[in-house]
Amino acid sequence: VQLQASGGGLVQTGGSLRLSCVASGIIFSATSMRWYRQSPGKQREMVALIASSSGTTYAESVKGRFTISRDNAKNTVYLQMNSLKPEDTGVYYCNTWVGKDAWGQGTQVTVSS
């Protein structure tokens with residue numbers, strides 16, 4: 001399993017970013033996908049999940065601001081992040097479960113105040 005995340009960067013408060021994660025080695029359309037983040041000094045936390053059915057779940061801290069989506073034809077999961085806040089700063093990882101956790105390499109998101 002390989003997960004390749006991209007799209008991070010530096011953005012001002014209130015700005016937007018879209019993260020992408022391309023998956024290989026799995027039956028993507030049948031697999032739930034997650035985005036996690038690890039903020040400085042904090043444990044890694046799940047930000048959003050999208051099931052194979054395209055049902056979604058969000059952390060309370062990002063509800064109404066972040067949207068997770070998937071394109072099964074491209075084996076890609078996205079995280080659209082709007083109204084970004086400094087506390088959204090961190091390394092964002094895509095993740096899936098294939099009998100064990102599989103992680104991408106992470107992409108840095110920095111939100112300046």
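If you read the sequence from its start, that first residue is 1, and numbering goes on from there.
The cluster map of Ile, Leu, Val, Met, Phe, Trp and Tyr, joined by side-chain heavy atoms under 4.5 Å apart, puts Val91 and Val47 in different clusters. When hydrophobic clusters are built by joining Ile, Leu, Val, Met, Phe, Trp and Tyr residues whose side-chain heavy atoms come closer than 4.5 Å, directly or via intermediates, Leu17 is not grouped with Tyr93. Both Leu3 and Leu79 are part of a single hydrophobic cluster, where members link through side-chain heavy atoms under 4.5 Å apart. Cluster membership for Val11 and Leu19, using ILVMFWY side-chain heavy atoms within less than 4.5 angstrom, is shared. Grouping the Ile, Leu, Val, Met, Phe, Trp and Tyr side chains by contacts below 4.5 angstrom, directly or via other members, places Met81 apart from Met46.
Sorted by first and then second residue, the disulfide bond (SG atoms under 2.5 Å apart) pairs involving residues 32-61 (not counting sequence neighbours) form an empty list. The disulfide bond (SG atoms under 2.5 Å apart) contacts involving residues 46-113 comprise Cys21-Cys94, where partners must be two or more places apart or lie in separate chains. Evaluation of the salt bridge (charged side-chain N to carboxylate O under 4.0 Å, His left out) test over residues 69-86, restricted to residues two or more places apart or in two chains, returns none. Sequence neighbours left out, not one pair with a member in residues 98-113 passes salt bridge (charged side-chain N to carboxylate O under 4.0 Å, His left out). Residue pairs meeting the disulfide bond (SG atoms under 2.5 Å apart) criterion with at least one partner in residues 49-92, sequence neighbours excluded, do not occur; the list is empty.
Taking the side chain to side chain donor-acceptor pair (under 3.5 Å) definition, one finds that Gln80 meets it with Asn82, sequence neighbours left out. Contacts of Arg18 classified as side chain to side chain donor-acceptor pair (under 3.5 Å), with partners at least two apart in sequence or in another chain: none. In this view, Ser29 and Ile27, Asn72 satisfy the side-chain contact (heavy atoms from CB on, under 4.5 Å) rule, not counting sequence neighbours. Scored by the side chain to side chain donor-acceptor pair (under 3.5 Å) test, Thr13 finds no partners at all (sequence neighbours excluded).
In terms of heavy-atom proximity, Thr96 sits nearest to Ser32 at OG1-O, 2.8 Å. Here the shortest heavy-atom pairing between Ser69 and Val77 reads O-CG2, 3.2 Å. When every heavy atom of Trp35 is checked against every heavy atom of Ser20, the shortest pair comes out as CH2-O, 3.6 Å.
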Review item, side-chain donor-acceptor pairs of residues 103-113, under 3.5 Å, at least two apart:
unit_1	atom_1	unit_2	atom_2	d
Gln105	OE1	Ala5	N	3.1
Gln105	NE2	Ala5	O	2.7
Thr107	OG1	Gly8	N	3.0
Gln108	NE2	Gly90	O	3.4
Gln108	NE2	Thr110	OG1	3.3

Could you give the side-chain donor-acceptor pairs of residues 49-67 under 3.5 Å, partners two or more places apart or in another chain?
unit_1	atom_1	unit_2	atom_2	d
Ser53	OG	Gly55	N	3.4
Tyr58	OH	Ile68	N	2.9
Glu60	OE2	Lys63	NZ	2.7
Ser61	OG	Arg37	NH2	3.4
Arg65	NH1	Ser83	O	3.0
Arg65	NH1	Asp88	OD2	2.7
Arg65	NH2	Ser61	O	2.8
Arg65	NH2	Asp88	OD1	3.0
Arg65	NH2	Asp88	OD2	3.4

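Atom-to-atom distance recorded for Asn75:CG and Gln4:CD is 13.5 Å, nearest 0.5 angstrom.
More than 12 heavy atoms of other residues, nucleotides or ligands sit less than 6.0 Å from atom CD of Glu87.
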